[in-house]
Amino acid sequence: MNKKNKRGSAEPIFKAFVYVALITLAVLIIVPVAWVFLASIKQNSEFYGNPWALPASFYWQNFVDAWNSASMGSYMINSVIVTALGLALLLVIALPAAYCLSRFQFVGRKLLNTCFMAGLFINVNYIVVPIFLMLKDGDVWLKKIVGEGFLLNNLFVLALVYASTALPFTIYLLSGYFATLPHDFEEAAYIDGAGYGSTMVHIIFPMAQPSIITIILFNFLSFWNEYIISMTLMSSATGQRTLPVGLLNLMQAQQSSAQYGILYAGLVLVMLPTLILYICVQKKLTQGMTVGGLKG
């Protein structure tokens, strides 16, 4: 009874500690984001007063100037193209690969799994220079053969690099989820005459929808916010730079001219798509992170 009483008396204290910790973390995240949104609709003269003061009015011209004058519109289109291409390439490769590695036994399966798992321990930022040199040498070879190189400063190649570097984590997450799914549905589909490909697309993939949405969201955030690879591989193509690279150029330009409203409007343009996507898939994301663990 004493132990039960001690546990009962300690439980409210523990809950209070958890709530205080969660509220503190929420405030630390929400306050800076809200401040950026409010700063993006302030006129430039308001920044020289109290930085925590609310905007006198909604000054939407900052977004117009950031979109047109600072070329954030073209940078955003480039980011949309690269992110969409990268996700498409990643899903086309990773989904069948993860399905085969998790559901079938074949020669070389353990070796492939080991190679993909080893890729999890490679920091992409450390191999940017080798990737750049490899593509540069490829361009030199192409110029000798066809007279023109296209491996550098190419949005499709950038998307391909993004998809390649995200393969280990994506296959690891998907194969772990596929392994928890029962085989009964596949066996029933085989009895009805469905092939391996049809069973994979029409049976397994719909069952794994939460996990697929999870990897789409994670990789979307990674591709959308990536800076180092994009800056390295797109160094000579000013008009084809992605949004994070364009945002850095905007920061450098607006800080020197003291146009802070346009700067924060550019930050909002970068953050807004990720916030909207997260709000739309929040429930599916939670399922993808928990259902596999419950089934295992």
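We number each residue from 1, following the sequence as shown.
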Asker: Would you indicate whether the side-chain heavy atoms of S79 and P244 approach each other to under 4.5 Å?
Answerer: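 In short, these two side chains touch, coming nearer than 4.5 Å.
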Asker: Looking only at non-hydrogen atoms, find the nearest pair between G176 and T180 and report the distance.
Answerer: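 Closest heavy-atom pair between G176 and T180: O-CG2, 3.4 Å.
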Asker: Go through the structure and list residues passing side-chain contact (heavy atoms from CB on, under 4.5 Å) with I276, not counting sequence neighbours.
Answerer: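 I276: side-chain contact (heavy atoms from CB on, under 4.5 Å) contacts with L272, C280.
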Asker: At their closest point, which heavy atom of M76 faces which heavy atom of P273, and how far apart are they?
Answerer: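 Between these two residues, the closest heavy atoms are CE-CG, 4.4 Å.
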Asker: Distance check, rounded to the nearest 0.5 Å: I228 atom CD1 versus N125 atom CG?
Answerer: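 I228 atom CD1 to N125 atom CG measures 3.5 Å (nearest 0.5 Å).
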Asker: Suppose we screen for ring pair (Phe, Tyr, Trp, His ring centres under 6.0 Å). Which residues come up paired with Y162, at least two apart in sequence or across chains?
Answerer: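 With neighbours one apart ignored, the set is F223.
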Asker: Just verifying a value: how many Å separate N219 CG and F169 CZ, rounded to the nearest 0.5 Å?
Answerer: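 Taking CG in N219 and CZ in F169, the distance rounds to 7.0 Å.
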Asker: Suppose we screen for side chain to side chain donor-acceptor pair (under 3.5 Å). Which residues come up paired with T165, at least two apart in sequence or across chains?
Answerer: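 In terms of side chain to side chain donor-acceptor pair (under 3.5 Å), with neighbours along the sequence ignored, T165 is linked to no residue.
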Asker: I need the minimum non-hydrogen distance between M207 and P182, along with the two atoms involved.
Answerer: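 For M207 versus P182, the nearest heavy atoms are CE-CD, 4.2 Å.
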Asker: Considering residues, nucleotides and ligands other than I30, do more than 12 of their heavy atoms fall under 6.0 Å from its CD1?
Answerer: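 Result for CD1/I30: open.
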Asker: Keeping the roles fixed (side chain from S102, backbone from F178), state whether a donor-acceptor pair exists under 3.5 Å.
Answerer: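 Not confirmed, S102 side chain does not pair with F178 backbone.
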Asker: Using 0.5 Å steps for rounding, measure from the CG atom of L89 to the OG atom of S164.
Answerer: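 Nearest 0.5 Å value for the CG-OG distance: 8.0 Å.
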Asker: Side-chain contact, heavy-atom cut-off 4.5 Å: L167 with L90?
Answerer: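 Yes; the side chains approach each other to less than 4.5 Å.
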Asker: Which value, rounded to the nearest 0.5 Å, describes the distance between Y172 atom OH and L101 atom CG?
Answerer: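 Y172 atom OH to L101 atom CG measures 14.0 Å (nearest 0.5 Å).
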Asker: So, T83 side chain and V80 main chain: donor-acceptor pair closer than 3.5 Å or not?
Answerer: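 Here the side-chain-to-backbone pair does not exist.
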Asker: Applying side-chain contact (heavy atoms from CB on, under 4.5 Å), run through N78 and L243 and close with a yes or a no.
Answerer: CA-CA 7 Å; N78 292 337; L243 200 53; over 6 Å; no
Asker: Between G86 and A163, which heavy-atom pair has the shortest distance, and what is it?
Answerer: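 Nearest pair, atom of G86 first, then A163: O-CB, 3.6 Å.
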Asker: Tell me which donor-acceptor pairs under 3.5 Å the side chains of residues 132-151 have, and how far apart each pair is, sequence neighbours excluded?
Answerer:
residue, atom, partner, partner atom, Å
D139, OD1, F150, N, 3.0
D139, OD1, L151, N, 2.8
D139, OD2, L152, N, 3.2

Asker: Using the test side chain to side chain donor-acceptor pair (under 3.5 Å), find all partners of S40 that sit at least two apart in sequence or belong to another chain.
Answerer: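 Expected list: none.
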Asker: Answer whether the closest heavy-atom distance between the side chains of T170 and F218 falls below 4.5 Å.
Answerer: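 T170 vs F218: side chains apart.
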Asker: Looking at residues at least two apart in the chain, or sitting in another chain, which of them share a side-chain contact (heavy atoms from CB on, under 4.5 Å) with T24?
Answerer: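 Checked T24 against side-chain contact (heavy atoms from CB on, under 4.5 Å); matches are V20, L28.
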Asker: Under 3.5 Å, is there a donor-acceptor pair between the side chain of D192 and the main chain of A194?
Answerer: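 Answer holds: no.
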Asker: Who passes salt bridge (charged side-chain N to carboxylate O under 4.0 Å, His left out) against E46, sequence neighbours left out?
Answerer: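 Testing E46 for salt bridge (charged side-chain N to carboxylate O under 4.0 Å, His left out), a comparison that skips the adjacent residues, returns none.
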Asker: Can you tell me how far apart CZ (F63) and CD1 (I41) are? Round to the nearest 0.5 Å.
Answerer: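 Output value for this atom pair is 7.5 Å.
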Asker: Does one hydrophobic cluster hold both V36 and V33, with members joined at side-chain heavy-atom distances below 4.5 Å?
Answerer: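 They do share one cluster, since a chain of ILVMFWY contacts under 4.5 Å joins V36 to V33.
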Asker: Apply side-chain contact (heavy atoms from CB on, under 4.5 Å) to L217 and L277, showing your working.
Answerer: CA-CA 8 Å; L217 179 60; L277 180 63; 3.6 Å; yes
Asker: Do S230 and T242 have side-chain N/O donor and acceptor atoms under 3.5 Å apart?
Answerer: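 A pair is found: one side chain offers a donor N or O, the other an acceptor, under 3.5 Å apart.
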Asker: Out of curiosity, does W35 fall in the hydrophobic cluster containing I23 (side-chain heavy atoms, cut-off under 4.5 Å, transitive links)?
Answerer: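 Same hydrophobic cluster.
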Asker: Is any side-chain heavy atom of L91 closer than 4.5 Å to a side-chain heavy atom of I215?
Answerer: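 In contact.
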Asker: Please examine the side chains of M117 and L120, heavy atoms only from C-beta on, and report whether any two atoms are closer than 4.5 Å.
Answerer: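 In short, these two side chains touch, coming nearer than 4.5 Å.
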Asker: Under a single-linkage definition using a 4.5 Å side-chain heavy-atom cutoff for Ile, Leu, Val, Met, Phe, Trp and Tyr, are V129 and L233 assigned to the same hydrophobic cluster?
Answerer: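 Linked, V129 and L233 end up in one cluster.
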Asker: Near F106 CZ, under 6.0 Å, is it more than 12 heavy atoms from other residues, nucleotides or ligands?
Answerer: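 Yes, because the 6.0 Å sphere around CZ of F106 holds more than 12 heavy atoms from other groups.
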Asker: Can you tell if the side chain of V245 reaches within under 4.5 Å of the side chain of M234, non-hydrogen atoms only?
Answerer: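 With C-beta onward as the side chain, the pair stays apart.
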Asker: OH/Y19 to CG/L22 distance, rounded to the nearest 0.5 angstrom?
Answerer: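 Reported to 0.5 Å precision, the distance equals 8.5 Å.
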Asker: Output all residues satisfying side-chain contact (heavy atoms from CB on, under 4.5 Å) with A97, sequence neighbours left out; order by chain, then residue number.
Answerer: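 Scan of A97 (side-chain contact (heavy atoms from CB on, under 4.5 Å), adjacent residues dropped) gives I171.
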Asker: Mind jotting down which residue pairs meet the salt bridge (Lys or Arg N to Asp or Glu O under 4.0 Å) criterion with at least one end in residues 96-117? Sequence neighbours excluded, please.
Answerer: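 Sorted pair list: R103-E186.
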Asker: Is I213 reachable from V92 through a run of hydrophobic residues whose side-chain heavy atoms are each under 4.5 Å from the next?
Answerer: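 Different clusters: V92 never reaches I213 through Ile, Leu, Val, Met, Phe, Trp or Tyr contacts under 4.5 Å.
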Asker: Return the set of residues passing ring pair (Phe, Tyr, Trp, His ring centres under 6.0 Å) with F220 (not counting sequence neighbours), or none when no residue passes.
Answerer: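 Per chain and number, F220 pairs via ring pair (Phe, Tyr, Trp, His ring centres under 6.0 Å) with W224.
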Asker: How close do G266 and A66 get, heavy atom to heavy atom, and via which atoms?
Answerer: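 Result for this residue pair: N-CB, 4.2 Å.
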Asker: Is the ring centre of Y99 less than 6.0 Å from the ring centre of F104?
Answerer: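 Centroid distance Y99-F104: below 6.0 Å, so yes.
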Asker: Who pairs with F58 by ring pair (Phe, Tyr, Trp, His ring centres under 6.0 Å), at least two apart in sequence or on another chain?
Answerer: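 Partners of F58 by the ring pair (Phe, Tyr, Trp, His ring centres under 6.0 Å) criterion, ordered by chain and then number, come out as W60.
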Asker: Any idea which heavy atoms bring I203 and A189 closest together, and the distance?
Answerer: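 Scanning both residues completely, I find the closest heavy atoms to be CG1-CB, 4.2 Å.
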Asker: Is a side-chain N or O of Q209 found less than 3.5 angstrom from the main chain of S211, in a donor-acceptor match?
Answerer: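 Pair absent, no side-chain N/O of Q209 close to backbone of S211.
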Asker: Should Y59 and K42 count as side-chain neighbours, where that means a heavy-atom distance under 4.5 Å?
Answerer: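 Answer no - side chains too far apart.
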Asker: Ring pair (Phe, Tyr, Trp, His ring centres under 6.0 Å) with Y190: which residues, sequence neighbours excluded?
Answerer: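 By the ring pair (Phe, Tyr, Trp, His ring centres under 6.0 Å) rule, Y190 matches Y196.
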Asker: Do F37 and L275 come close enough that some side-chain heavy atom pair is under 4.5 Å?
Answerer: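 They are in contact (side-chain heavy atoms under 4.5 Å apart), so the answer is yes.
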Asker: For L174 and Y177: C-alpha separation, side-chain torsions, deciding distance, then whether side-chain contact (heavy atoms from CB on, under 4.5 Å) applies.
Answerer: CA-CA 5 Å; L174 286 174; Y177 190 91; 5.7 Å; no
Asker: Between L38 and I262, is there a shared hydrophobic cluster once you connect ILVMFWY residues whose side-chain heavy atoms come closer than 4.5 Å?
Answerer: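 In one cluster with L38: I262, no.
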